[in-house]
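What follows is a short report on a single structure.
No hydrogens, no waters, no symmetry mates; every other heavy atom, side chains included, goes into these values.
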Amino acid sequence: MLGTFLLIASLWCYGPSTRVPCDGLPETGHSSIWNNTTKTVTLSGGKGERLGFQIVIGPGVSYSNVRIAATNLYGPQEPAPANWDFLWERRILVDPQRPEVSSRLGVGLYRERLEPFNSFVIPLSTMKEVIFIKLKVPHVVAGDYSAWISLRANDEVDTIRVNLKIRNFTVQEPSTIMMVGLSIPKLNATVGPWQQTITSYMQMAADNDITLLVNGWQESLNWTDYRNIMGQWIPDAKRWVLPIPESYRLPYVASNDSLRVLETFRIMGDRWRQSGWPLDHAFAWIYDEPSLRWWAAYPEEVLAYAQAARAGNPQIRILVTDDPDTNLLPGLDILASRSDHFCRFGGIENWAYQSYDGGLPLHTIDSPGENFRLWPWISLKYGIPLFYWCGNFWYEPNPLLVADGQPEQYRDGNGVLFWPDTSDPENSALSSLRLEAISRGMQDVAIMEQLRQRSPLLYMSIMNRVVRSALSDGSQWTTSGDSLDIWIERARQYLSQ
């Protein structure tokens with residue numbers, strides 16, 4: 001039963017990758033999933049698919065909090081269990097008199113995983129509030145289902161109906177690889193010892209089909225802790241970066257350091273073998289953009305380091321991130337080229353990487369969420385892993401205080417995908433709207449991979465409409481979340497047949 005809708009001055013729903021500014025409506029002001037007259041959200045998904053949408057509330061200045069709850073799904077097989085995640089966007093109010101200069105895209109999200117009919121409380125401010133709703137489609141009989149989300153404040157209740165068409169196919173785990181760097185030193189500096197915090201970041205990445213590359217090894221972090229904590233993730237990892245001690249890594253300036261490098265790689269190989277971990281998908285990331293480093297004798301130093309590393313253990317593959325350069329090829333197994341300079345070489349594995357500026361289809365700061373959703377599409381189209389290096393590259397203990405957007409008053413967090421929750425170090429990983437958009441993109445490509453097996457012609461037709469070209473081929477892609485949803489629904493319909 002619908003409520004009075006007097007609770008909220010304005011209530012609207014948008015798809016998972018639409019940016020919702022604090023000071024107005026999204027750029028389009030339109031939502032393909034939302035019927036404002038009936039207060040209904042309409043979704044579609046395959047079994048096991050992660051779906052998401054945003055509820056925009058506000059401003060609700062006359063209420064101290066809002067309580068939100070949701071039901072199971074009702075339809076052909078009822079009641080069908082509904083696994084809801086409610087993610088409340090954390091908006092930092094820089095100036096109470098000027099909410100338009102508060103955080104926008106990428107701000108952290110409180111996470112509450114709720115059983116149906118349970119609830120949690122959101123304190124309202126004078127700004128718009130965004131609640132990100134995630135639902136994993138259950139493995140039940142295909143058909144049309146409905147659930148209800150209630151928003152309660154004081155004695156008033158508003159209700160949103162969610163209509164879900166469960167398609168008759170199961171979404172498989174994607175083989176497309178989207179890698180994100182996680183810095184151990186940044187965890188230590190922000191939320192305390194990495195041993196207490198790493199599991200929550202690893203689990204969040206796994207839940208979103210993201211390969212997390214844990215990097216930044218230090219001698220103070222002992223091997224026993226690393227082995228005991230990482231052992232649950234390493235054996236099945238799609239890619240894994242080996243923990244090179246920092247003092248054995250950079251700068252490599254003296255020829256007699258070759259013996260230290262050789263011994264380090266010998267020890268790493270022995271540790272991996274003794275732990276029963278495969279080296280097939282492991283690699284050593286030995287240099288980041290050495291051609292730009294004043295202290296590096298480029299390329300001789302990189303090649304000498306790679307030679308010493310191979311002498312220590314020839315099974316360990318060598319990665320360098322830099323612009324394409326044939327002078328590096330003799331020493332490498334993997335070259336990750338900056339995405340807008342990407343070049344494919346024979347005889348090695350080719351990746352593309354993205355930093356917080358330039359590259360791929362976007363600047364990561366002040367960029368629409370649809371662009372983040374496109375990263376996995378580009379990875380699938382070109383058949384290469386993509387590597388985003390600054391998953392938690394925090395310049396300060398609280399990255400919410402970093403002013404780096406445009407205008408500079410916005411706190412956009414330097415393009416990070418994870419946020420630290422210093423109040424709960426053991427469960428410190430908070431999501432971001434950037435991460436949620438990438439997660440949606442990974443679900444898209446999981447469906448597209450299945451479509452490629454069933455109908456290569458339809459796959460190519462959809463792919464070329466979504467991403468005509470990218471990387472160094474030039475940038476032509478859709479910028480509409482509604483268009484992405486339409487094409488993915490076309491793929492779902494075909495796979496349901």
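- Here the side chain of Asn392 pairs a donor or acceptor atom with the backbone of Ser183 at under 3.5 angstrom.
- Remark: Thr321 pairs with Trp285, Asp288 by the side-chain hydrogen bond (donor to acceptor under 3.5 Å, both in side chains) rule, at least two apart or across chains.
- Relative orientation of the Tyr74 and Trp148 rings is tilted, given thresholds of 30° and 60° on the angle between their planes.
- One finds a salt bridge joining Glu436 and Lys134 here, because a Lys/Arg side-chain nitrogen approaches an Asp/Glu carboxylate oxygen to under 4.0 Å.
- With respect to Glu49 and Arg167, no salt bridge is recorded, no charged nitrogen being found less than 4.0 Å from a carboxylate O.
- You'll find the side chain of Pro385 reaches within 4.5 Å of the side chain of Glu349, heavy atoms only.
- Sorted pairs that involve residues 459-471 and meet salt bridge (charged side-chain N to carboxylate O under 4.0 Å, His left out), not counting sequence neighbours, are lacking altogether.
- With hydrogens and angles left out, the side-chain atoms of Thr38 and Arg161 include no donor and acceptor closer than 3.5 Å.
- When the side-chain hydrogen bond (donor to acceptor under 3.5 Å, both in side chains) test is applied to Trp34, the partners found at least two apart in sequence or on another chain are Asn36.
- The pair Arg373-Asp444 meets the salt-bridge criterion, with a side-chain N (NZ, NE, NH1 or NH2) lying under 4.0 Å from an Asp/Glu carboxylate O.
- A donor-acceptor contact closer than 3.5 angstrom is absent between the side chains of Asn168 and Ser496.
- With Tyr145 contributing its side chain and Gln77 its backbone, the two residues share a donor-acceptor pair below 3.5 Å.
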